[in-house]
Amino acid sequence: MTDTLTITQPDDWHLHLRDGAYMAAVVNNSARCFGRALVMPNLADPIRTVADAAKYRERIMRALPPKSTFEPLMTLYLTAETPASEVDVALKSGFVLAVKLFPAGATTLSDSGLQSWREAIPVLESMQKSGMVLSIHGEVTDPEVDIFDREKVFIDRVLTKLVDAFPGLRIVLEHLSTKEAVSFVEAAGENVAGTITAHHLLLNRNDLLVGGIKPHFYCLPIVKTEQDRQALLKAATSGNSKFFLGTDSAPHPRSEKEAAIGKAGIYSAGHAISLYADLFDSAGELDKLEGFASFYGADFYRLPRNTTKVTLEKSNSEVIPAVLDYHDQELIPLKGGETVNWKG
Ligand code: DOR
Ligand code: ZN
């Protein structure tokens, strides 16, 4: 007999879709499984305004199959020029759920980000007042800080000060990658939560580097030690509603990953729920999957939980494709060519 697990339809609270034909090539991989996704704004021409977000959202919807009920939720890219008044426009739109802070230069397409959050004080004040969520890429860019320490130094040098200055600001620290980030979120108030990717739950830095460098395991924040991975797994499977699912699935063409200077980003959207289910199952915490994947993110973003259900099947035979078509390129999914036990 095959095992099955029926859960409320999950949502992905951190997703990169890109744009144009590349977006169209991947969006349905998310839409097949997830009810909603929070779409990141770091396009080549960033999504800075609600008007930009509305147009991008339209393009995404047009790329979906006619009967899809997938709902793209949008974010704005916070720059030193973002007017505080845009926060109210975002709130009224109903589809812009968060403003994303990229420290300038921290990651892919982050050049328009902030040198310091102090450049955005009026915007942050307005967000604190209205309850709009600040989504944060939590890494410093100081060249003197070791790449493996950039998240914890961000927490010490930047995030603690930001939280002190805006104690009521609602914050999601994205793609947690260290035990320090887990502890920070646990100790913070109810207004602070964190997303956890499948790849940070699956991989440590030995996976990335031992036996040859694996460019398809390279992302930012970079994967850390086994101890960090264990702390993330414990947090994700704990049933603590401060931690919820955000894949940070970030497609890059194979040719740009397998290069002398390889791009940062791991593509996991198509089999994400299978990967999470396998991880929760191995940890003996499968009953915690639904909260993490389907409840806590919606609750934090103050949206209704999905009402549709999905049934996962433990077939032990679902193989993730080794290569995906990516418009005129190829895309290598996380764990491509490998078998997952749970089929989404
Ligand atoms: O690895 C990453 N890729 N981390 C990010 O923060 C951005 C993302 C991307 O857009 O490719
Ligand atoms: Zn991201």
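First listed ligand is number 1; within each ligand, the first listed atom is number 1.
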- Between Tyr276 and Phe292, does the ring centre distance come in under 6.0 Å? yes
- Quick one: do the Glu151 and His175 side chains pair a donor with an acceptor below 3.5 Å? no
- Message: Quick check on contacts: which atoms of ligand 1 are under 4.0 angstrom from a heavy atom of Cys219?
- Response: 1 (O)
- Item | Ile266, portion touching ligand 1 at heavy-atom distance under 4.0 Å | neither
- Item | Enclosure of Lys214 NZ (heavy-atom neighbours >12, cutoff 6.0 Å) | yes
- Query: Has Arg254 got its NZ or CZ under 6.0 Å from the middle of the six-membered ring of Tyr326, at an angle within 45 degrees of the ring axis?
  - Reply: no
- Task: Among all protein heavy atoms, pick out the one at the shortest distance from atom 5 (C) of ligand 1; state its residue, atom name and that distance to 0.1 Å.
- Result: Thr107 OG1, 2.9 Å
- Message: So that I know where these two stand, are Phe70 and Phe34 an aromatic pair - ring centroids less than 6.0 Å apart?
- Response: no
- Does His175 bring an N, O or S atom to within less than 2.8 Å of the Zn ion (ligand 2)? no
- Task: If you have a sec, work out which protein heavy atom is nearest atom 8 (C) of ligand 1 and how many Å separate them, to one decimal?
- Result: Ala250 CB, 3.7 Å
- Which residue and heavy atom of the protein sit nearest atom 1 (O) of ligand 1, plus the separation: Leu220 N, 2.9 Å
- Note: ligand 1 atoms sitting under 4.0 Å from heavy atoms of His137 are 6 (O)
- Lys263 contact mode with ligand 1 (heavy-atom cut-off under 4.0 Å): neither
- Evaluate the side-chain proximity of Leu312 to Lys343: yes if any heavy-atom separation is below 4.5 Å, no if none is. no
- Option whose closest heavy atom lies nearest to atom 11 (O) of ligand 1, chosen from Arg18, His16, His175: Arg18
- Out of curiosity, is Met40 lining ligand 1, as in a heavy atom under 4.0 Å away? no
- Which residue owns the protein heavy atom closest to atom 3 (N) of ligand 1, what's the atom, and how far is it? Ala264 O, 3.0 Å
- Query: Is a side-chain donor-acceptor pair under 3.5 Å present for Ser294 with Gln9?
  - Reply: no
- Message: Can you tell me which N/O/S atom of Asp248 has the shortest distance to the Zn ion (ligand 2)?
- Response: OD1
- Part of Asn42 with heavy atoms under 4.0 Å of ligand 1, whether side chain, backbone, both or neither: side chain
- Message: Would you say that Met40 contacts His14 through its side chain, given a criterion of any heavy-atom pair below 4.5 Å between the two side chains?
- Response: yes
- Flag yes if more than 12 heavy atoms outside Gln227 fall under 6.0 Å of its CD atom; otherwise flag no. no
- Residue Asp248 vicinity, atoms of ligand 1 by number, heavy atom under 4.0 Å: 4 (N)
- Evaluate salt bridge (Lys or Arg N to Asp or Glu O under 4.0 Å) for Lys161 paired with Asp164, printing each intermediate quantity in order. CA-CA 5 Å; Lys161 295 199 179 91; Asp164 281 350; over 6 Å; no
- Hey, what's the angle at the Zn ion (ligand 2) spanning NE2 (His16) and NE2 (His14), nearest 10 degrees? 110°
